[in-house]
Amino acid sequence: MSKHHIADRLTTFGTSIFAEMTRLATERGAINLAQGFPDFDGPDHVKLAAAQAVQAGHGQYARMFGLPALNQAVAGWMKRQAGMTVDPDREVTVTAGCTEAIAATILGLVNPGDEVILFEPYYDSYRACVSMAGATPRFVTLRAPDFTFDADELRRAFTSRTKAILVNTPQNPTGRVFTREELSAIAELCIQHGVIALADEVYEKLVFEGDFARLATLPGMAERTVTMSSLGKTFSLTGWKIGWTVAPAELTAGVRAAHQFLTFAVSTPMQHAAVVALNSPQSYFDRLLSEYRRKRDFLGAALSRLGFQFRPPEGSYFIYADHTPISSKLGLGDDVAFCKAMIEKVSVAAIPPTAFYENKEEGKRLVRFAFCKKDETLRAAVERLSALASG
């Protein structure tokens with residue numbers, strides 16, 4: 001028997017659901033409301049900065065933990081957005097998107113045998129990174145329709161082996177923005193058990209309702225939190241893969257220990273452009289939020305008319321809906337069957353979310369739609385979905 005096969009710790013993951021649904025969408029020419037990337041480009045002033053950086057000869061390796069100007073820009077961003085004073089050289093690390101930030105943080109700070117608490121549904125890389133670190137995940141479920149967590153269930157998830165908890169707010173895929181009270185409950189348990197918090201805040205500027213609070217700003221959390229974010233969601237430049245972590249120097253040392261052997265450094269010209277992006281005028285962010293609110297409301301109203309049931313997302317650019325009012329009429333079963341039927345029958349792709357759960361039953365009746373698309377894309381998708389809903 002061949003010894004050349006996938007490592008045991010990764011055999012259960014296979015191809016990501018995002019890649020699989022995008023492949024099916026491409027094969028069928030379907031409208032892709034599955035993978036969370038815009039079908040429009042980022043702002044002109046940021047793209048121009050990237051082109052100028054290329055022409056200026058910024059084509060060699062950047063400093064391992066980030067271009068100095070970008071580290072300073074991230075520190076300035078955190079000061080303006082959260083009132084946090086951050087040392088750009090000791091506490092900021094530039095990564096290949098937030099996905100690498102997650103991997104570097106977990107690999108750099110979590111030991112084999114440690115436990116990491118994940119809220120489910122979760123972004124699929126969380127679970128894989130925990131496995132790659134040789135750690136054990138423990139799950140706390142966000143249950144429909146409100147997608148809040150049970151305080152007692154969260155409390156029971158903390159044990160003597162807990163090293164970290166990963167918190168994503170605004171949350172993908174549910175669209176929840178955790179309340180300050182929820183974050184305070186998490187913070188209290190972290191402090192009580194000596195646990196570090198990993199805060200994925202990539203949708204930080206896409207908050208429609210609720211009071212967005214950063215975990216690192218809560219009492220006692222600055223010294224135990226790694227905040228992770230990226231350029232991709234806020235500036236519609238997911239392919240640039242520019243992300244970062246912000247953490248106290250002791251935690252940053254672990255992040256960098258892994259980062260230097262994962263990517264070492266990331267795209268130099270794009271880092272130059274990221275400096276310009278993070279210093280964009282407030283009018284850009286106001287316009288971005290207004291446009292996404294309009295897209296959310298348009299797609300949400302249409303899905304509601306068609307029979308989908310959901311809680312309007314407070315943040316992110318996803319609608320997380322119960323498909324059973326439609327799928328039951330069509331004789332379809334779970335989320336995977338429903339999503340495949342959408343592609344085959346009306347050429348619209350969405351994400352079946354059981355890939356985001358350890359408890360698969362929780363996700364079978366749900367489907368995730370991305371509304372980070374052009375208006376004409378959303379209109380065409382609604383027209384096609386209408387044909388499915390009508391049978």
Side-chain angles (χ1 to χ4, degrees), residues 37 41-82 84-109 198-205 214 216 225-282 284-285 288:
F37 62 83
D41 216 349
D44 288 340
H45 71 286
V46 181
K47 293 188 293 182
L48 177 61
Q52 290 173 337
V54 171
Q55 291 299 322
H58 295 300
Q60 308 308 321
Y61 293 128
R63 186 176 63 172
M64 179 272 287
F65 57 89
L67 194 74
L70 180 53
N71 289 62
Q72 292 164 10
V74 171
W77 174 269
M78 296 300 288
K79 182 67 173 179
R80 294 191 302 275
Q81 306 298 324
M84 294 174 60
T85 299
V86 174
D87 185 321
D89 291 329
R90 299 178 68 243
E91 299 181 329
V92 177
T93 304
V94 177
T95 59
C98 193
T99 300
E100 194 243 321
I102 294 161
T105 298
I106 292 176
L107 291 171
L109 294 172
L198 316 181
D200 178 352
E201 298 178 352
V202 291
Y203 299 101
E204 60 186 286
K205 300 302 287 185
R214 296 177 188 270
T225 302
V226 180
T227 299
M228 304 173 287
S229 194
S230 77
L231 206 70
K233 313 302 183 185
T234 301
F235 295 93
S236 304
L237 295 166
T238 60
W240 284 24
K241 299 299 290 180
I242 299 294
W244 53 84
T245 66
V246 176
E250 308 80 57
L251 298 180
T252 291
V255 175
R256 291 180 181 177
H259 165 70
Q260 67 182 333
F261 296 116
L262 290 171
T263 61
F264 180 74
V266 301
S267 173
T268 301
M270 299 312 176
Q271 289 194 60
H272 280 276
V275 175
V276 174
L278 291 180
N279 287 294
S280 295
Q282 183 59 39
Y284 167 77
F285 303 105
L288 175 82

Sub-3.5 Å donor-acceptor pair from the side chain of [X] to the main-chain atoms of [Y], do we have one?
| X | Y | result |
| --- | --- | --- |
| Q72 | P88 | no |
| H272 | A50 | no |
| N71 | F65 | yes |
| S230 | V202 | no |
| H259 | A96 | no |
| S236 | D41 | no |

Evaluation steps, side chain to side chain contact (heavy atoms under 4.5 Å, CB included), between L107 and L262: CA-CA 10 Å; L107 291 171; L262 290 171; 4.2 Å; yes
Looking only at heavy atoms, which two atoms of [X] and [Y] are closest? And how far apart?
| X | Y | value |
| --- | --- | --- |
| A277 | L231 | CB-CD1, 3.7 Å |
| R214 | Q81 | NH2-CB, 3.4 Å |
| G254 | L109 | CA-CD2, 3.9 Å |
| T238 | K233 | CG2-NZ, 4.4 Å |
| M270 | S267 | CG-OG, 3.2 Å |
| A101 | T95 | CB-OG1, 3.4 Å |

From [X] atom [atom1] to [Y] atom [atom2], the distance as rounded to the nearest 0.5 Å:
| X | Y | atom1 | atom2 | answer |
| --- | --- | --- | --- | --- |
| M84 | T227 | CE | OG1 | 5.0 Å |
| E250 | R90 | CD | CZ | 7.0 Å |
| Q282 | R80 | CD | CZ | 9.5 Å |
| T234 | E201 | OG1 | CD | 11.0 Å |
| D44 | K47 | CG | NZ | 4.5 Å |

Donor + acceptor pair across side chains of S280, H45 (<3.5 Å): yes
Residue that, paired with M228, satisfies side chain to side chain contact (heavy atoms under 4.5 Å, CB included) out of T245, T99, V246, T93: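 Exactly one candidate clears the test, T245.
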Side chain to side chain contact (heavy atoms under 4.5 Å, CB included) between Y284 and V46, worked out: CA-CA 11 Å; Y284 167 77; V46 181; over 6 Å; no
Close side-chain approach of I102 and L198, heavy atoms under 4.5 Å: no
Beyond-backbone contact of I242 with L70, side-chain heavy atoms, under 4.5 angstrom: yes
Parallel, tilted or perpendicular: rings of F235 and W77 (30°, 60°): tilted
Trace of the side chain to side chain contact (heavy atoms under 4.5 Å, CB included) decision for V92 with D87: CA-CA 7 Å; V92 177; D87 185 321; over 6 Å; no
Whether over 12 other heavy atoms sit under 6.0 Å from Q55 CD: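 At most 12 heavy atoms, drawn from other residues, nucleotides or ligands, come within 6.0 Å of this atom.
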Atom CZ of R63 with >12 non-hydrogen neighbours under 6.0 angstrom: yes
Side chain to side chain contact (heavy atoms under 4.5 Å, CB included) between V266 and V94, intermediate numbers included: CA-CA 8 Å; V266 301; V94 177; 3.6 Å; yes
Evaluation steps, salt bridge (charged side-chain N to carboxylate O under 4.0 Å, His left out), between E100 and K241: CA-CA 9 Å; E100 194 243 321; K241 299 299 290 180; over 6 Å; no
